[in-house]
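For reference, the structure discussed in these notes is given below.
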Amino acid sequence: MLATVAKQLRSHPALIPLFLFIGGGATMSVMYLARLALKNPECSWDRKNNPEPWNNIEPNHQYKLFKVNMDYSKLKKDRPDF
Amino acid sequence: MAEDIQSKLDKYRTAPFDARFPNQNQTRNCWQNYLDYHRCQKALETKGVDVAPCDYYKRVYKSLCPLAWIEKWDGQRDDGTFPGKI
């Protein structure tokens, strides 16, 4: 099937940018989903060793992309330990 | 440290900002504080230490959680069907 596609591309080289852009877009979506799955503190993969990953982030960790009226550097841990 | 907790409890007005839960949906914040209160109690009781610091979590979950949820979870804990790990 790839051979067919390659043959057709050779006769219509103007289609190459199409493949590039579609491929790039698909890659970017998949990479974003992978980043969300692996680096998001709300997603718990390993229920035995890391059951609540949101508890492992710093008290001044900025979760949102943009912040308005919020000074994250001033936050400190205020919950008692146990 | 105990005086810190005591002064924090005296000055308590409402649940403070929690960087773990910055968005509008505070469900998990409520759940986590409920769990933390009972885990704290269990941990400090087995250690034999005064359980007063755990009251911070109790104040926070009382501020955040709907009463219906608290009553339901308390009932589940008494029955032994509570889904969370305490």
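To find a chain, count down the sequence lines: A is the first, B the second, and so on, and within it residues start at 1.
One distance of note links CD of A:Glu52 with CG of B:Asp36; it measures 7.5 Å at 0.5 Å rounding. Remark: B:Arg20 CZ to A:His61 NE2 distance equals 13.0 Å, nearest 0.5 Å. Of the inter-residue distances, the one linking B:Asp18 atom CG with A:Ile57 atom CD1 reads 8.0 Å to the nearest 0.5 angstrom.
The number of heavy atoms from other shown groups lying within 6.0 Å of NZ (B:Lys42) does not exceed 12. Around atom CD of B:Gln76, more than 12 heavy atoms belonging to other residues, nucleotides or ligands sit under 6.0 Å away.
Each of B:Lys8, B:Gln32, B:Gln41, B:Lys85 has some count of heavy-atom pairs under 4.5 Å with chain A, and the biggest count is that of B:Gln32.
No continuous path of ILVMFWY side-chain contacts below 4.5 Å connects A:Ile22 to A:Val30, so the two sit in separate hydrophobic clusters. B:Ile86 and B:Ile70 fall within the same hydrophobic cluster, defined by Ile, Leu, Val, Met, Phe, Trp and Tyr side-chain heavy atoms under 4.5 Å apart, directly or through other members. Taking hydrophobic clusters as Ile, Leu, Val, Met, Phe, Trp and Tyr residues chained together by side-chain heavy-atom distances below 4.5 Å, B:Tyr37 shares a cluster with B:Tyr12. When the side chains of ILVMFWY residues are joined at heavy-atom separations under 4.5 Å, either directly or via intervening members, A:Phe21 and A:Leu15 end up in two distinct hydrophobic clusters.
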Carefully, step by step, assess B:Phe21 and A:Tyr63 under the rule side-chain contact (heavy atoms from CB on, under 4.5 Å). CA-CA 8 Å; B:Phe21 316 107; A:Tyr63 184 95; over 6 Å; no
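When all heavy atoms of A:Pro59 and B:Ala19 are compared, the pair lying nearest together is O-CB, 3.2 Å.
Heavy atoms closer than 4.5 Å to chain A are found in both the backbone and the side chain of B:Arg39. Contact of B:Leu9 with chain A is not made at all, since no heavy-atom distance falls under 4.5 Å.
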